[in-house]
Amino acid sequence: MADYNHRETEQKWQRFWDENQTYRTTTDAAGQASSKPKFYVLDMFPYPSGAGLHVGHPLGYIASDIVSRYKRLKGFNVLHPMGFDSFGLPAEQYAIQTGQHPAITTENNIATYIKQLKQIGFSYDWSREVRTSDPSYYKWTQWIFMELFNSWYNKDTDRAEPISTLLEKFATNGTTDVNAVCDADTPAFTAAEWNNLSATERHAITLHYRLTYLADAVVNWCPALGTVLANDEVKDGVSERGGYPVEQKKMRQWMMRITAYADRLLTGLDTIDWSESIKEQQRNWIGKSVGASVKFALETDAATSIEVFTTRVDTIYGVTFMVLAPEHELVGSLTTPEQRDAVEAYVNAAKLRSERDRMSDVKTVSGVFTGSYCLNPFSGEKVPIWLADYVLAGYGTGAVMAVPSGDQRDWTFATHFGLPIVAILDTQKDVDTQADNTKEGRYINSGIINGMTYKEATATLIAWLEERGLGSARVNYRMRDAVFSRQRYWGEPVPVYFKADANGTVLPYLIDESELPLELPAVDKYLPTETGEPPLARAEGWKYNPTPNPSPSQGEGNYEYELSTMPGWAGSSWYWYRYMDPKNDSEFASKEAIAYWQDVDLYMGGSEHATGHLLYSRFWNKFLKDRGYVTQEEPFKKLINQGMIQGRSNFAYRIKGTGIEGVPPVFVSLNQINGREVTPLHVDVNIVENDVLDIEAFKKQRPDLADGAEFITEPDGKYVVGAEVEKMSKSKYNVVNPDTVVERYGADVLRLYEMFLGPLEQAKPWNTNGIDGTFRFIRKFWRLFYEEKADGTSKWVVTDEAPAPAELKILHKTIKKVQEDIDNYSFNTSVSAFMVCVNELSTLKCRKRAVLQDLVLLLSPFAPHITEELWAALGNEPGTVSSASFPVFDPKFLVEDAFEYPIQINGKVRTTISFATDRAASEIEQEVLANDVVQKWLEGKTPKKVVVVPKRIVNVVL
RNA sequence: AGCCCUGUAGCCCAACCGGAAGAGGCACCAGAUUUAGGAUCUGGAUAGUGUCAGUUCGAAUCUGACCAGGGUUACCA
C-alpha cells in the first residue's frame, strides 16, 4: 500500500457499507428490539432542492453522524435515519414552467441528494428512508388529519378526545357540561334540542368543535404563487419563498385548532433541552398575556357594549378614550352623521394600506373620532370612541381602552389629538412628557382602588367586574389557529368530500378510512383554473364514490373532493415516528416500535424552523399523545441548531475607467491598489487558492470581464484577491460544492474540516484556505501505521510491543478529551485534540498496536473511512469498526507525581517551584516562603496572605 | 425598539467552577530534503483578550455601562 489514497479507500468502504447494510438498525416490531438502550439521532427533514447540496448543508449532518457513531461505540442501539420532505413549491413552480410532473423533478433531485450524502460517508440506515410525497407515507398524514377531524379539545380533562365523547355529552346534557375549545359563534342547546336535530344538523354543530375545521379566515393570499400562506411563511409582508407580495383576503379554509394547545406548548418548553433563543422565539410566537376583558357600555345604548382586553385593568380609571381598529364591526353604528365622512375616509385609507405599509410606517400617528361615547363601568364617565390603525383587528377584541398615562402609544395618540392624560399612581412621573407604565406605588384618582397596591387593585377590580357580569379575568394569546389549506397541486390531498343534504346544505365529510391513501390525481396543467379554483379542479372525473357503491340514481356518489391540498408542514409534523417503522401498512408506526424508540434524543437542524416546523410538530405530537398513539408529551428532547455557513466571496479589482468601449480592462492586485478608484468584481472562489487568483482560469471562465485584460500583480507575480463574508449564493460566485472537496481531499477531511471550522452553533464563513491542515493531519495519522520507504512504497510498521507510560498518557488524555467534547457537542476542540495526539505520537515514533488501535476507534466517528481501512489492516473483521467498543478512559495513566507551581508575588509570577501533587498546602506555603527568590521579593516583610491553590498556583500577597 | 449570540495574533479558533494568555490549524519567514514544483521534516516571529468601570490576592472568564458585528421579533393593548 502506497501513500494513503482517499479516493479508492473511501469508495471501497462506501460500497462495502451499502452492500453489507452496515448501518441497518434492527428494532424488530416484536419488541425484543435489543437489550441495548436506544438513542435516536435525527436530522431535520430536508427539502430536496434542485441545486443540490452546498458545503454548508452537511454541517449538521456531520455533527449528528459523529454523535450516532459515537453512541454506537458506547453501546447504544442508534436510530439514525434520513428521508425527504418532498412536497413543496419549487418542484411545482418548475412544473408550471416546464410541464414536467413534479414527481419526476422530485425523484431526480432526491437521487442527487442521496448520491451526495453517501459520498460523505454518513451512517444512515437507508432502508428506513421516507418521502412525504409517497402515497404509502401520505396515507398516514391523511390518517392523522382524519383523527384531528374526529377529535375535540376538552378543557376539563385538558386533552383532545374522540368526538364520540362530545356526542355523548350532547345527548345527555346538551352543551351545559361541555367545556371545549371551539368557535366563538357556537350555539348552546339542551339535550332535548340536540336529540331532535337531523343528522346533518348535528354534523354541522360538531364542525365548531373539531380540531380541524373549515372557516372563513382572513388569510395571507399570495397572487403570484396562487395560494395562501401561513403567518410564518410571510416575512416583511412578502412571501418567504420567492418574495412575492402578499395581501389579506377572506377565504374558506381548513384550519388547525393549535390554539387549544397554546398553554401546553408554552409550559412544555420548560421541560426540553433547547437553546434559550428558540424557546424565547416560541414563547413570543405564542404570546400569552394574562389580563382581563372589560365591557364598556355605549352612552346611547346601554344594551350594546364594546369589549376590550387589557393586561392592566388596574389602570382603568386612567382611561380617557377608547380606540377601535378600523375594521371593528361596530364602526358603522358608532359613527355619528357629523363624523361620517371623516370616518369613511379613514377606514378606506386604512383598507388600502397594505400590511407592508403599516409595518414600515409605525411613526405616523393617525386616527379619527367616531362622534360617539361609551361609559367607564367603574366611574361612569363618558369616554370618546376613536378609530386608529395602531389597533389590530385580529388581536384581542380589536378594541383598546386607552390609558395615556401608562401606555406610550396611547400617550402619543392623546398628545397628538389633545386628549386628556390622567395619572393614576402616586409614583408615576412626568406623565406630561411621556407615559410611565410603573406598577409601583398606590392608586390615585381611582375610585374604589384609591390607596391600594397593584395586586390588591387588580383582584378588587376583577371581582367587581365578575359580580356584575361586566368582565372577567382572561388569558389572551397572540397565536392564531393555523391555516391548513393550500391552493396548490403538489401536496397531500385532504381526505374530505362535500355532500349536500335534502335542504341543499353542503357539509364536509371524511372519506372512508379504507380508501386511504387518497392519491393525488393527474392534471393537465399545474395552474389554478380560469375560475380561480385550485389545480385539483382540473383532474378529470375525480369524484368521491364511497364503497360499497352508492346509487347515483338517488343522487349519491360523485361527490366533490376538497380541492385544496395540505401545507408543507403537514408531512413533516410527524415524520420522526415513521422512521421507527417505515414500512408498516396498518399503522403509522407499530405500538412496539413507538414504545421502544419513544422520542428523538438529539435533533439537529437550522434555527429557521423556530416557529414553523418546531411548533407544529410539538402540536401534532401532543395531539397524538392525547389520543394514545404515542408515549411522549414532547417529541424532541434535545435540539441543536447548527450555525449557518456563510460564503466567503473573493473580489478582483478593476480600475475605474477601464473595461469600457475600447479601453481594455486592467485588474489590480489587492495590495497594489494604492488608493486607485477600483470596482470590486466577484470572482469564482473555486479558482482562487489562499486568496491568490488563477489568472488563466479567470480569463477562461469570464471572457466577458477578462478578455484582453491586463493584470497588475504583486512583485512575486501573484494576483491577490480581496475577501468578504456574504451569504453563500450562486450570484456571488462563492458556492463551494462538497463534491469538489470530497474529490480533492476526501470525505474524512471534509468531515473533520467542517467540524474544525469553529463551534457548531455559531455562524461562520466557509473558507477553504485552512483545509490543508486537516488533510495533512489525515496523512500524518496514516503514517503512524505505514512508513514510506525511499523507493516510494509503504511498509506496515505497527508492532505488538507493550506501550510506554508516556504513550498511554497521550492516548488516555485524548480519550478523555474526545469523550467530553462529543458529550458537549464541541467537535472543533476534539479535532484539535486528535491533531495534538497524532503530533505527539509521531514525535515519540509510537508504533504500538495497543495505542494505535484505540486511536483508530476514537477517530472513527469523525473519519469513518480511513479508520475502517486501518481497523481491517490491524487484523479486525472488515467493516466492524462501527460495532466495536469505545476505548475506556483510565485516569491512572494521567496521574502526575509533581506539579510545577507558578509562584506569584502580588499577582505577578516571579518563579516556579515543583511540589509533589499530594503535598499539603501548609507545607507548600512554608517552602515557598523559604525560597530564595521569594525572600528577595519579600524584602524582610511578612506577607499579608498566602494563597495556595492545589495543582494550580501560589500567590504571596504583601 | 426589545430579546439572544459573538468580539483573544494577519486569519479560523483554544483556555473547565476566576489561577502563568496559546492547545490546534491556515498564512508568513528560515533551514533540511528534492532536478524543479509539490509533498515532507525541523525551527521561528506575531496578540495581552472591543472600550470603560467594578468585584477579587488574582479577571479573557463574574457584574454594570458603552461600542461593533450577526440573528430574531416587531404597534399584541
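Here is the naming used below: chain letters follow the sequence lines, and residue numbers restart at 1 for every chain. Computed from a predicted model, the values in this text were never measured in an experiment.
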task: Spell out, as yes or no, whether a donor-acceptor pair under 3.5 Å connects the side chain of A/D748 to the backbone of A/I866.
output: yes
- prompt: So what's B/A1 paired with, Watson-Crick or G-U wobble, going by both distances under 3.5 Å?
  reply: B/U73
Rounded distance in Å between the C1' positions of B/C11 and B/U73: 33 Å
- request: Classify the side-chain pair A/S826/A/T829 by whether it contains a donor and acceptor separated by less than 3.5 Å.
  value: yes
statement: Using Watson-Crick geometry (N1-N3 plus N6-O4 or O6-N4) or G-U wobble (N1-O2, O6-N3), each under 3.5 Å, B/A68 is paired with B/U6
Closest listed nucleotide, where the reference is the side chain of A/R478 and the choices are B/C57, B/A20, B/C76: B/C76
- prompt: Are A/D410 and A/Y390 linked by a side-chain donor-acceptor pair shorter than 3.5 Å?
  reply: yes
field: A/E329 CD: over 12 foreign heavy atoms closer than 6.0 Å
entry: no
statement: Taken to the nearest whole Å, CZ/A/F781 to P/B/U40 is 17 Å
statement: Heavy-atom nearest nucleotide on RNA chain B taken for A/T311 and for A/V831; more 5' hit belongs to A/V831
field: Closest listed nucleotide, where the reference is the side chain of A/D772 and the choices are B/A77, B/A27, B/C57
entry: B/A27
query: If you check the A/I953 side chain, which of B/A20, B/C57, B/A77 turns out closest?
result: B/A20
message: For A/W285 together with A/Y477, are the ring centres under 6.0 Å from each other?
response: no
Nucleotide N/O of nucleotides 3-11 of chain B paired with protein N/O under 3.5 Å:
none

Chi-angle category of B/C17 [syn within 90° of 0, anti beyond]: syn
- request: Using the C1' atom on both, measure B/A77 against B/G70 and round to a whole Å.
  value: 32 Å
query: Would you say A/R776 reaches B/G25's phosphate, i.e. side-chain N/O to OP1/OP2 under 4.0 Å?
result: no
field: Any A/R952 side-chain N or O less than 4.0 Å from OP1/OP2 of B/G18
entry: no
message: Base, sugar-phosphate or nothing for A/P765? Non-hydrogen atoms, less than 4.0 Å.
response: nothing
- request: Calculate the interatomic distance between A/E307 atom CD and B/A77 atom P; express it in whole Å.
  value: 16 Å
For atom CZ of A/F777 and atom P of B/U40, their distance in whole Å: 14 Å
Under 3.5 Å on both distances, the Watson-Crick or G-U partner of B/C41: B/G31
- prompt: With sugar-phosphate meaning primed atoms plus P, OP1 and OP2, does A/K780 contact a base, only sugar-phosphate, or nothing at under 4.0 Å between heavy atoms?
  reply: sugar-phosphate
query: So, A/D481 side chain and A/T259 main chain: donor-acceptor pair closer than 3.5 Å or not?
result: yes
- prompt: What residues in residues 833-846 of chain A put a non-hydrogen atom under 4.0 Å from any atom of RNA chain B?
  reply: A/M835, A/V836, A/N839
query: Between atom CG in A/L392 and atom C1' in B/U73, what is the gap in whole Å?
result: 15 Å
- prompt: With a 4.0 Å cut-off, would you call A/E307 and A/R474 a salt bridge?
  reply: yes
message: Looking only at side-chain N and O atoms, does A/Y346 offer a donor or acceptor that is under 3.5 Å from a partner on A/S366?
response: yes
- prompt: Would you say a side-chain N or O of A/R480 is under 4.0 Å from OP1 or OP2 of B/C76?
  reply: no
query: Between A/S832 and B/C13, does any side-chain N or O lie under 4.0 Å from OP1 or OP2?
result: no
- prompt: For B/A74, does either OP1 or OP2 sit under 4.0 Å from a side-chain N or O belonging to A/N284?
  reply: no
- prompt: Taking 4.0 angstrom as the limit, do A/E820 and A/K816 come out as a salt bridge?
  reply: yes
- request: Could you measure between the two P atoms, the one in B/A45 and the one in B/A30, and give it in whole Å?
  value: 15 Å
- prompt: Between B/A23 atom P and A/F756 atom CZ, what is the distance in whole Å?
  reply: 15 Å
- prompt: Going by heavy atoms in the side chains, are A/I62 and A/F862 under 4.5 Å from each other?
  reply: no
- line: Taken to the nearest whole Å, CG/A/D389 to P/B/C76 is 13 Å
message: Using whole Å, what does the distance between atom P of nucleotide B/C76 and atom CG of A/D410 come to?
response: 10 Å
field: Whole-angstrom distance between B/A65 and B/G58, as gauged at atom C1'
entry: 24 Å
query: Would one find a side-chain N or O of A/R779 under 4.0 angstrom from OP1 or OP2 of B/U40?
result: yes
message: Of the listed nucleotides (B/A77, B/G58, B/A27), which one gets closest to any side-chain atom of A/N955?
response: B/G58
message: Testing the 3.5 Å rule here: is there a donor-acceptor pair between the side chains of A/N955 and A/K945?
response: no
- prompt: When you compare B/U63 with B/U56, how far apart are their P atoms, in angstrom units rounded to a whole number?
  reply: 16 Å
- line: Checking B/C41, B/C57, B/A77 against the side chain of A/R783 (C-beta onward), the nearest is B/C41
- prompt: Is B/G50 in the syn or the anti form, by the rule that syn lies within 90° of 0?
  reply: anti
- prompt: Is there a side-chain contact between A/R783 and A/F781, using heavy atoms and a 4.5 Å cut-off?
  reply: no
message: Give me the distance, rounded to whole Å, that separates B/C62 from B/C16 when you measure between the C1' atoms they each carry.
response: 15 Å
query: Out of B/C76, B/C13, B/A20, which has the shortest distance to the side chain of A/K764?
result: B/C13
query: So what does A/Q904 hit on the nucleic acid, given a heavy-atom distance under 4.0 Å: a base, only sugar-phosphate, or nothing?
result: base
- prompt: Taking the P atom of each, how far is B/C75 from B/G19, in whole Å?
  reply: 45 Å
- prompt: Atom CZ in A/F321, atom CH2 in A/W386: separation rounded to 0.5 Å?
  reply: 8.5 Å
message: Please report the distance separating the C1' of B/C5 from the corresponding atom of B/A23, rounded so that it comes out in whole Å.
response: 25 Å
